[in-house]
A.B. asks: 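If you scroll down you'll find the structure; I have some questions about it.
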Amino acid sequence: DGGITQSPKYLFRKEGQNVTLSCEQNLNHDAMYWYRQDPGQGLRLIYYSQIVNDFQKGDIAEGYSVSREKKESFPLTVTSAQKNPTAFYLCASSIPPNYGYTFGSGTRLTVV
Amino acid sequence: AQTVTQSQPEMSVQEAETVTLSCTYDTSESDYYLFWYKQPPSRQMILVIRQEAYKQQNATENRFSVNFQKAAKSFSLKISDSQLGDAAMYFCAYRRGNTGTASKLTFGTGTRLQVTL
């Protein structure tokens, strides 16, 4: 079955360490997205990519980086510059706008 | 910038009853799409229903329907015959049209729906 796989489901890191969250899709979607979810704030866009080797900053890109070397993969790195990295991170992909997004099951990152 | 507002942080409904979740949005665009997503305790985001702005007819998906008022920029979700499995966070979302394949979704802050016996 086609879908989006995010791994790991739970991730713990020490403060000051970079960490990379994985997102893989086999839906043949061109566009991919990373969102951050915090309690009471809905989902906020971090980065998105329309095609391979191209990506744009979203609303809260500071302290994050991404790459898009393959159509299927869009990993997110949370750097030590991100001041409050503990959150739930959701990856998504899409086809033309009217079909909305398909989401992964998310990664819960806790920085201690 | 587009904004989406959900003014009801929490709602409660009895099983088999009907509930309406509110959503308003602000945009200067004429071509756009609106969505309702459900996020159960598993935290998987599930698309419930979508509405194209150019369509006057309100979208319906089984027990879920919307009341789309374009002039008022209102997009409410009605859940009929509520079931225990409907308990979840519900997010309203907006997306511009005619932007190619990548177009960001702007989300509201969500409404937590409880379903009681």
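Here is how names work: the chains are called A, B, and so on, in the same order as the sequence lines, proteins then strands, and each is numbered from 1. Side-chain atoms are counted along with the backbone in the values below, which use heavy atoms only and exclude waters and symmetry mates.
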A.B. asks: Report yes or no: do Tyr33(B) and Tyr94(B) belong to one cluster of Ile/Leu/Val/Met/Phe/Trp/Tyr joined by side chain heavy-atom distances under 4.5 Å?
C.D. replies: no

A.B. asks: Counting only non-hydrogen atoms closer than 4.5 Å, does Tyr32(B) touch chain A with its backbone (N, CA, C, O), its side chain (CB onward), both, or neither?
C.D. replies: neither

A.B. asks: Tell me whether Leu109(A) shares a hydrophobic cluster with Tyr64(A), the cluster being built from Ile, Leu, Val, Met, Phe, Trp, Tyr side chains joined at under 4.5 Å.
C.D. replies: yes

A.B. asks: With only heavy atoms counted, which part of Gln39(B) is less than 4.5 Å from chain A, the side chain, the backbone, both or neither?
C.D. replies: side chain

A.B. asks: How about Phe91(B) and Gln37(A): do any of their side-chain heavy atoms sit closer than 4.5 Å?
C.D. replies: yes

A.B. asks: Same cluster or not: Tyr37(B) versus Ile4(A), using hydrophobic residues (I, L, V, M, F, W, Y) connected whenever any side-chain heavy atoms lie under 4.5 Å apart?
C.D. replies: no

A.B. asks: For residues Leu90(A) and Arg43(B), report the shortest heavy-atom separation together with the two atoms involved.
C.D. replies: CD2-O, 4.3 Å

A.B. asks: Between Leu45(A) and chain B, which part of the residue has a heavy atom less than 4.5 Å away: side chain, backbone, both or neither?
C.D. replies: side chain

A.B. asks: Below 4.5 Å, heavy atoms only, C-beta onward: do Phe35(B) and Tyr101(A) meet side chain to side chain?
C.D. replies: no

A.B. asks: Got a donor-acceptor contact below 3.5 angstrom from the Tyr33(A) side chain to the Leu105(B) backbone?
C.D. replies: no

A.B. asks: Minimum heavy-atom separation for Ser94(A) and Arg95(B), please, with both atom names.
C.D. replies: OG-NH2, 3.2 Å

A.B. asks: Is Asp54(A) atom CG crowded by more than 12 heavy atoms from other residues, nucleotides or ligands, each under 6.0 Å away?
C.D. replies: yes

A.B. asks: Does Ile60(A) share a hydrophobic cluster with Val66(A), counting links as ILVMFWY side-chain heavy atoms below 4.5 Å and allowing steps through other members?
C.D. replies: yes

A.B. asks: To the nearest 0.5 Å, what is the distance between NZ on Lys104(B) and CG on Leu43(A)?
C.D. replies: 12.5 Å

A.B. asks: Leu76(A) and Tyr35(A): same hydrophobic cluster, using ILVMFWY side-chain contacts below 4.5 Å?
C.D. replies: no

A.B. asks: Should we say atom CZ of Arg63(B) is surrounded by more than 12 heavy atoms from elsewhere, each under 6.0 Å from it?
C.D. replies: yes

